[in-house]
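Model, not experiment: these values are computed from the prediction.
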Amino acid sequence: MTTATHTAAPLLEMRGIDKSFPGVHALRGVDLTVHAGEVVALLGENGAGKSTLIKILAGAHVPNAGTIRVDGVEQHIANPIDAQRAGIGVIYQEFNLVPGLTARENIFLGRERSSAGFINRRDEARRATELFRRIGVPVPIDVPCGRLTVAQQQIVEIAKALSLDARIIVMDEPSATLTPKEVDHLFDIIRELTAQGIGVIYISHRLDEIDSIADRVTVLRDGQYIGTEAIDDIDRERLIEMMVGRKLDSEFPKHTTAIGGPRLVVKGLRRGEAVKDVSFEVRRGEVLGLTGLVGSGRTETARLIFGADRRDAGTIELDSKMLDIRQPRDAIRHGVCLLTEDRKSQGLVLGQSVRDNFALPNLPRLATAGWIDHRRERERFRHYVESLRIKIPHQEQLAKNLSGGNQQKVVLAKWLERDAEVIIFDEPTRGIDVGAKYEIYLLINELAVQGKAIVMISSELPEVLGMSDRVLVMHEGRITGEITDVANATQEDVMRLAVR
Amino acid sequence: MTEQSHSAWSRFVTDYGMVFVLLLLCGYYSIATLAEQHPTGADGGDAVARQIIATHGGGASVLIAARDTKDDELFIDAIRARIEGAGGTIAETVKGQPSDARKALDRIAAAGMKLDVIATNEATSRWTVFDNLAAKYPALGKVTVATPQSYRWPNFLKTDNLLNVANQIVVIAVIAIGMTMVIITSGIDLSVGSLIALSAVVAAILIRDAAGGAEAGAGAMVLSCAAAIAVCAMIGALSGVTVTVFEVPPFIATLAMMLIASGLAWRLSAGESINAVPETFIWLGRGDTAGVPNGVIMMVALYAIAHVVMTRTTLGRYIYAVGGNAEAARLSGVPVRRVLLFVYTMCGALAGLGGIVLASQFKSGDPKFGLMYELDVIAAVVVGGTSLMGGEGKMLGTLIGAFIIAVIRNGMNLTEVDPFNQKIVLGAILLAAVLIDTAKRRGWLRLGRRGKTAAT
């Protein structure tokens with residue numbers, strides 16, 4: 001970076017961006033500056049506000065306050081078309097390519113080069129080839145994108161952004177699904193782009209990558225702007241500290257109970273690239289924290305234990321008894337249950353009443369010869385409504401009309417009625433307000449006291465450290481570390497194991 | 001719980017609001033088909049005999065004028081029974097043409113008999129031979145012509161017509177039970193129309209070739225029908241396997257079965273109608289018990305069972321859960337595949353039963369049966385309030401839907417709507433039902449939410 005570029009008006013300047021959603025203040029006065037020809041890494045924990053900031057830039061959200069300038073000219077970005085006109089191209093983790101169309105067709109989708117309604121294929125092909133030459137990588141332009149590799153699809157996305165005259169390209173976790181060699185290749189492309197004066201915003205959790213590609217790094221935490229530093233002036237320790245900030249420990253009512261012998265023992269669990277040889281045990285009365293970044297294989301591990309996905313290898317034992325789990329029914333029968341991360345699409349039948357949801361896994365017991373005992377069903381549910389303090393006007397309330405906290409309690413109630421012995425919570429407090437969070441924590445404590453084996457998957461490090469008796473950290477499908485002395489561990493310790 | 005009773009009415013409106021549409025339709029067709037009714041047959045005979053006894057006393061001498069039809073025979077018998085019962089005499093009975101009446105009058109006049117009344121029905125009262133009797137036959141004295149009093153009553157509400165509507169409903173309504181289950185799981189079954197034909201053909205062939213044809217006994221017929229239903233259940237199961245194991249979209253899987261089943265029906269029957277069945281075969285389709293058609297009794301019983309299964313059993317709850325959110329259901333331990341397999345098998349079996357009813361109504365098995373019935377069945381389910389998105393729907397709603405479709409069809413026939421226009425109307429009704437479903441889903445209509453009764 002030469003000082004000359006910095007004195008000119010920055011390519012992109014976002015100032016004091018503020019955004020609230022109902023119940024959440026997602027961004028509070030965030031700044032982000034990108035100069036022509038530089039790579040700015042955007043860093044922060046899950047939920048720090050990175051995606052919201054990017055969506056504002058892409059025109060998907062409109063900020064409540066703040067200004068966006070491109071080349072010093074203020075822009076009003078109200079929709080994706082405005083963003084395109086301003087020269088902003090965003091490449092999301094989930095590509096926006098139509099798999100059945102070729103690279104050429106995808107690049108010109110919606111803006112076909114045509115005359116009198118007929119597509120001018122030759123002109124499109126020429127331009128597409130030219131774009132790929134500019135990027136420096138040839139990609140077959142007449143093969144359906146669905147048959148290209150992930151890395152090639154990414155290049156198609158970049159070509160599409162360039163074809164729209166994008167001068168600021170945002171890449172959201174571009175390396176997440178690439179092999180190390182492909183990542184090197186991607187960096188070559190990024191350097192090629194910056195050499196042409198394009199500014200790149202690079203989002204990644206991998207600090208190693210950021211060291212090698214970024215010029216500067218901007219850190220967000222809890223929707224707040226923490227700071228921007230030149231990459232050469234900052235060491236990794238300081239970066240992690242900026243990301244995780246200070247501990248807030250009073251939120252967590254951790255109650256440690258006597259921990260007994262092993263209950264759940266998992267050995268050599270594998271599934272494709274997602275879970276590679278995971279082994280661990282959970283003891284009686286123990287809350288085992290399982291953390292790692294999104295995509296590190298935590299949820300996938302939980303789904304294998306629960307039988308939601310077929311495992312390639314591995315054994316699961318409960319109380320020294322081998323469990324034959326092939327599908328969720330088997331796991332449930334053996335007392336293993338999973339409170340899924342996504343309650344709306346996996347935990348609840350939203351269009352049905354909360355009582356029906358509660359009864360679903362318990363029907364074999366609430367029914368005699370297939371005949372449901374409605375009174376017993378009502379009474380059992382009332383028991384949990386009271387003991388878990390579920391706030392509902394009546395039992396016929398549809399599940400979709402409940403708050404996140406109450407939904408989580410309904411899901412918990414259905415498993416408690418099922419006498420679950422192993423309870424896996426996947427992001428138990430996501431989307432739940434502070435008061436309800438505290439109640440969920442108390443319930444987790446209570447279950448531990450009852451001698452259940454509890455696995456708590458969470459991305460929120462304060463929660464993991466505040467509630468677990470022991471923490472396992474995963475990275476790219478493997479367990480990369482264990483923290484036994486949780487009381488004295490810091491979020492930095494966890495982060496170090498999680499980012500690698 | 002007070003909330004429960006409070007919301008009972010509004011829930012009824014939400015779930016079964018279509019019942020008001022049905023009532024409105026019945027009301028409309030009752031008014032639209034209001035017409036002069038002339039009692040015929042036994043009713044007409046009773047009515048005219050009562051009139052005669054009222055005006056002429058018990059000892060009247062009566063000539064009965066009727067045509068040579070079955071209905072008029074009942075008419076004659078009824079008059080004879082009443083008049084003779086009251087002490088009167090039947091001077092002569094005419095059964096045929098006006099010329100027969102003239103001959104009868106000549107005979108009476110020649111014999112010098114006294115004649116008080118000529119009992120006619122609506123048709124024979126118009127015979128000109130009865131005009132100016134005093135001039136033509138002074139010997140007879142003062143003769144009056146009696147005709148049963150006519151009255152105004154809707155053609156739609158005549159017993160015969162209502163039974164006709166009920167019989168039309170049976171086939172569609174029975175199959176719609178299975179279709180409702182399938183659609184609640186957010187699937188569809190297009191093969192039911194073809195299965196009607198296949199079932200009818202298989203049952204008729206088995207009766208003809210294995211059960212003794214026109215001399216077949218009841219037990220052998222029941223077995224033949226059961227076998228035909230089993231064949232349809234198996235084809236339904238095949239659809240179920242294709243949908244669950246191979247994850248083929250239900251639309252395509254059942255479209256394939258529709259073609260296969262239809263082809264089989266044509267092959268097995270060699271394209272011919274099979275009539276070699278005994279007279280007793282019509283027991284289910286045209287027979288009745290205490291005046292209620294047997295098919296209707298069976299339909300009501302099946303709906304009662306289906307309603308209980310859907311509301312009170314584990315299986316019913318699972319069907320709703322699978323349609324509401326298959327993934328959440330699976331993760332709650334619901335045997336999703338087995339549930340789907342069951343509903344497709346059941347739908348096939350019920351289509352088979354529908355085919356048996358139709359075969360019994362026509363006393364034959366024909367590969368042309370059931371053509372386009374799948375659309376009427378799906379329409380009944382959708383009009384009955386079951387959501388094509390799955391997870392929602394009521395068995396009794398479907399029954400109401402089936403009635404709505406049948407009443408509209410029947411009403412349009414009675415009011416002589418052009419058959420081509422009938423198709424357009426039915427299409428529009430289906431469209432309206434789907435739009436109402438969409439509107440409910442998007443919250444455009446808050447049906448019964450706060451006790452509002454905007455039912456239609």
Exercise. Using a cut-off of under 4.5 Å for heavy-atom pairs, which of Ala331(A), Gly347(A), Pro361(A) has the most such pairs with chain B?
Worked result: Pro361(A)
Problem set entry | Stepwise side-chain hydrogen bond (donor to acceptor under 3.5 Å, both in side chains) test for Ser353(A) and Glu396(A) | CA-CA 5 Å; Ser353(A) 75; Glu396(A) 278 78 28; over 6 Å; no
Problem set entry | Within 6.0 Å of CD in Glu273(A), more than 12 heavy atoms from elsewhere | no
For this session: Assess whether salt bridge (charged side-chain N to carboxylate O under 4.0 Å, His left out) is satisfied between Arg378(A) and Asp373(A), documenting all intermediate values.
Result: CA-CA 9 Å; Arg378(A) 263 199 303 279; Asp373(A) 182 345; over 6 Å; no
For this session: Could you pull out the closest heavy-atom pair between Val174(B) and Met298(B), with the gap in Å?
Result: CG2-CE, 4.0 Å
Exercise. Quick one: do Asp319(A) and Arg263(A) make a salt bridge, cutoff under 4.0 Å?
Worked result: yes
Exercise. When only pairs under 4.5 Å are counted, which of Cys337(A), Gly351(A), Ser345(A) shares the most heavy-atom pairs with chain B?
Worked result: Ser345(A)
Exercise. Do you see a donor-acceptor pair shorter than 3.5 Å between the side chains of Thr429(A) and Glu463(A)?
Worked result: yes
Exercise. Between Glu377(A) and chain B, which part of the residue has a heavy atom less than 4.5 Å away: side chain, backbone, both or neither?
Worked result: side chain
Problem set entry | Sub-4.5 Å side-chain heavy-atom contact between Phe381(A) and Glu417(A) | no
Seminar exercise, completed: Cut-off 4.5 Å, heavy atoms of chain B, and the answer for Leu348(A) is backbone
For this session: Check each atom of Arg333(A) against the heavy atoms of chain B and say whether the ones under 4.5 Å are side chain, backbone, both or neither.
Result: neither
Exercise. Between Gln352(A) and chain B, which part of the residue has a heavy atom less than 4.5 Å away: side chain, backbone, both or neither?
Worked result: side chain
Problem set entry | Val309(B), part contacting chain A, at a heavy-atom distance under 4.5 Å | neither
Seminar exercise, completed: Residue from Arg343(A), His374(A), Gln327(A) scoring the most non-hydrogen pairs under 4.5 Å with chain B is His374(A)
Problem set entry | Met234(B) and Leu238(B), any side-chain heavy atoms less than 4.5 Å apart | no
Exercise. Between Gly324(B), Gly391(B), Pro335(B), Ala329(B), which has the largest tally of heavy atom pairs under 4.5 Å with chain A?
Worked result: Pro335(B)
Seminar exercise, completed: One option among Thr340(A), Asn357(A), Asp342(A), Leu360(A) has the most heavy-atom pairs under 4.5 Å with chain B, and it is Leu360(A)
For this session: Let me know if Lys414(A) has heavy atoms under 4.5 Å from chain B in its side chain, its backbone, both or neither.
Result: side chain
